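What follows is a short report on a single structure.
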Amino acid sequence: MADVVLPSRSRLSRVGVLVLALILLALSVQTGLGFTLARSAAALAYRIDPGNPEVAAAKANFLVMTSTSAAAVKQVEQVAREAVAGAPLAPLAVRNLGFAIQAAGRKREAVGLVDIAGKISRRDFLAHAWLLEERKREGRMADAVFQADLLMRQRTSNYTQVMPIMVGLLANRGTVAPLARALDGDPVWRSSFLDAMGWDASNLENKLALLGAIRQLGSPATNREIAPLFRRAWDKADPRMLRGHWDRLVTLPDGGRSGLLIDGGFEYPDIPPPFTWTLYPNQEVYAEIARRPDSGHALFASFEGTRDVEFAGQQLLLAPGRYQLTGTVMGQDRVMSGQFRWTLRCGRDGTTVQSIPLNPTLDRWTRFAATLTVPDSCLEQQLWLVAGPSDPAALASVLVDSLALRKL
């Protein structure tokens with residue numbers, strides 16, 4: 001069979017080389033075999049139609065990702081210039097020329113070219129990712145936020161790569177204002193970003209400043225969105241500093257405060273920790289916000305009566321002095337007097353300084369009131385609902401509600 005040679009400028013040849021270019025694009029990002037095939041496809045396409053700017057751009061794209069030697073870098077620039085000469089507004093061609101010139105050591109010229117490529121196309125991931133890192137390096141944080149925003153809007157699959165970089169921008173205080181403006185525009189990535197800020201407590205001061213800034217702009221983060229950051233921050237920050245931010249940033253509904261306690265009526269489970277109730281259920285312990293038999297909600301606590309257990313606790317920052325704790329309790333099983341009790345603990349290690357025994361009545365709400373004394377040395381406190389074992393062990397359950405704490 002005789003060989004058939006396609007004319008280098010025929011329409012059919014251009015279709016063929018564009019197909020080869022697509023093969024290059026698809027395979028070069030997937031497997032090692034793909035790189036091998038892409039190299040041969042790019043070379044073949046370039047031999048068939050060397051004057052085609054799209055083919056030159058495809059070849060330059062492959063060379064940019066694979067070239068390391070000085071001679072190879074020079075070839076990249078040559079091929080990239082051919083692509084730009086044939087298609088000066090093709091973003092791929094302009095971006096690759098910028099990358100090639102950067103590899104040759106001419107950074108300022110490269111920045112200008114990649115910036116042009118980014119302006120031509122908002123969809124070029126490599127151009128905008130490069131510009132994001134460059135703007136971050138230069139300390140141009142507003143521009144860095146702009147590039148990150150573009151990348152996040154391109155597709156949700158970019159979140160994995162871009163989100164950690166975007167959160168990391170908060171290492172620079174100059175990021176707070178432009179990022180707050182971006183979040184105020186309610187971008188599609190907003191909720192995911194606010195959640196990602198809570199992955200750790202790094203750059204905590206700037207993260208809290210960002211939450212304050214978007215609140216001032218009129219688009220505050222929800223309680224659920226800020227909860228991860230406050231949960232992470234508790235062990236890393238000064239508690240009084242953190243409480244000040246918590247008071248400013250958390251949206252408390254009417255009735256959310258019960259004197260000096262938060263949510264003493266157990267009606268608002270989405271209030272962020274640590275200055276509200278944290279429940280501690282496990283395999284043998286039930287601790288949950290349950291619907292009351294009449295109306296509203298209450299804290300339900302139940303266990304098998306075999307050992308000392310903890311159900312729920314709230315962080316407090318009370319001044320030294322005397323306080324009154326009031327509330328209601330109802331037994332749902334026959335509970336020993338004093339088996340359930342409130343304890344006041346001091347410090348991060350939770351040293352118990354006072355216990356208040358409860359005497360619930362089966363299936364009837366009863367009120368209790370007790371005086372708590374916070375010692376001068378107790379600067380941080382926790383209020384816990386706990387219980388001890390019974391003899392013989394038996395199921396024990398109570399409902400607790402209407403808690404309030406006030407200074408005497």
Side-chain angles (χ1 to χ4, degrees), residues 255-269 275-316 318 320-346 350-375 378 381-408:
R257 292 186 186 274
S258 306
L260 297 171
L261 285 178
I262 300 296
D263 192 23
F266 303 98
E267 296 293 336
Y268 309 106
F275 302 107
T276 187
W277 298 109
T278 301
L279 306 184
Y280 295 90
N282 59 46
Q283 193 170 13
E284 300 177 10
V285 176
Y286 290 90
E288 61 184 17
I289 306 302
R291 187 171 294 280
R292 286 178 50 142
D294 44 9
S295 64
H297 296 83
L299 172 61
F300 174 70
S302 177
F303 78 124
E304 298 293 333
T306 58
R307 58 187 177 88
D308 292 322
V309 296
E310 300 171 337
F311 299 102
Q314 182 171 145
Q315 299 288 344
L316 302 171
L318 303 173
R322 296 173 66 247
Y323 297 83
Q324 184 181 55
L325 177 68
T326 58
T328 58
V329 61
M330 179 172 71
Q332 292 206 314
D333 299 295
R334 294 196 179 278
V335 178
M336 293 191 313
S337 176
Q339 185 176 11
F340 286 79
R341 60 193 184 276
W342 287 105
T343 63
L344 180 68
R345 300 177 180 176
C346 277
T351 302
T352 298
V353 295
Q354 190 171 345
S355 291
I356 301 170
L358 297 177
N359 299 299
T361 301
L362 182 63
D363 296 332
R364 182 166 64 87
W365 288 103
T366 56
R367 292 192 60 79
F368 65 87
T371 299
L372 296 172
T373 301
V374 177
C378 186
Q381 310 88 30
Q382 305 142 34
L383 184 66
W384 283 84
L385 178 64
V386 302
S390 57
D391 187 17
L395 181 67
S397 308
V398 297
L399 286 169
V400 179
D401 200 8
S402 306
L403 295 178
L405 183 67
R406 67 184 183 88
K407 196 167 191 319
L408 295 175

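Reckoned from all heavy atoms, side chains included, excluding hydrogens, waters and symmetry mates. Keep in mind the model is a prediction, meaning the values are calculated, not measured.
- Listed by chain and residue number, nothing satisfies the side-chain hydrogen bond (donor to acceptor under 3.5 Å, both in side chains) test with Ser295 (two or more places apart in sequence, or in another chain).
- Heavy-atom minimum distance, Trp365 versus Ala298: CH2-CB, 4.1 Å.
- For the ring pair (Phe, Tyr, Trp, His ring centres under 6.0 Å) test with Phe311, the passing option among Phe340, Tyr286, Trp342 is Phe340; the others fail.
- At a threshold of 4.5 Å between non-hydrogen side-chain atoms, the residues His297 and Pro269 do not count as touching.
- In terms of modelled atom types and a separation under 3.5 Å, the side chain of Trp277 and the main chain of Asp263 share a donor-acceptor contact.
- In terms of the side-chain hydrogen bond (donor to acceptor under 3.5 Å, both in side chains) criterion, Asn282 has no residue partners (sequence neighbours excluded).
- The backbone N or O of Leu399 lies less than 3.5 Å from no partner atom in the side chain of Gln332, so there is not a single donor-acceptor pair.
- Between atom CG of residue Leu405 and atom CD of residue Gln314 there is a gap of 9.0 Å, rounded to the nearest 0.5 Å.
- Residues that satisfy the side-chain hydrogen bond (donor to acceptor under 3.5 Å, both in side chains) test with Glu284, not counting sequence neighbours, are Arg307.
- Not counting sequence neighbours, Arg291 has no partner by the salt bridge (Lys or Arg N to Asp or Glu O under 4.0 Å) test.
- Atoms OG1 and CZ, from Thr326 and Phe368 in turn, are 7.0 Å apart once rounded to the nearest 0.5 Å.
- Here the CD atom belonging to Glu310 is positioned 12.0 Å from the CZ atom belonging to Phe303, to the nearest 0.5 angstrom.
- Here the side chain of Thr328 pairs a donor or acceptor atom with the backbone of Asp401 at under 3.5 angstrom.
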Validation: residues 382-397 side-chain donor-acceptor distances under 3.5 Å, sequence neighbours left out:
unit_1	atom_1	unit_2	atom_2	d
Gln382	OE1	Trp384	NE1	3.1
Gln382	NE2	Gly347	O	2.6
Ser390	OG	Pro392	O	3.1
Ser390	OG	Ala394	N	3.2
Ser397	OG	Ser302	OG	2.6
Ser397	OG	Asp333	OD2	2.6

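- Every residue two or more places apart in sequence or in another chain that forms a side-chain contact (heavy atoms from CB on, under 4.5 Å) with Cys346 is listed here: Val353, Pro375, Cys378.
- Without hydrogens or angle criteria, Gln381 side chain to Leu318 main chain gives a donor-acceptor distance under 3.5 Å.
- In this structure, the side chain of Glu267 does not engage the main chain of Gly256 through any donor-acceptor pair within 3.5 Å.
- A side-chain contact (heavy atoms from CB on, under 4.5 Å) with Leu325 holds for exactly one of Leu260, Ile356, Leu344; it is Ile356.
- From Arg334, atom CZ reaches atom CD of Gln339 across 13.5 Å, with rounding to the nearest 0.5 Å.
- For Gln354 (side chain) and Thr371 (main-chain N/O), a donor-acceptor pair under 3.5 Å exists by modelled atom type.
- The OG1 atom of Thr373 lies 10.0 Å from the OH atom of Tyr323; values are rounded to the nearest 0.5 Å.
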- Message: Using side chain to side chain contact (heavy atoms under 4.5 Å, CB included), reason through Thr366 and Asn359 one step at a time and then give a plain yes or no.
- Response: CA-CA 9 Å; Thr366 56; Asn359 299 299; over 6 Å; no
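- Other residues, nucleotides and ligands contribute over 12 non-hydrogen atoms within 6.0 Å of the CZ atom of Arg367.
- Enclosure of atom OH in Tyr280 by more than 12 non-hydrogen atoms of other residues, nucleotides or ligands within 6.0 angstrom is indicated.
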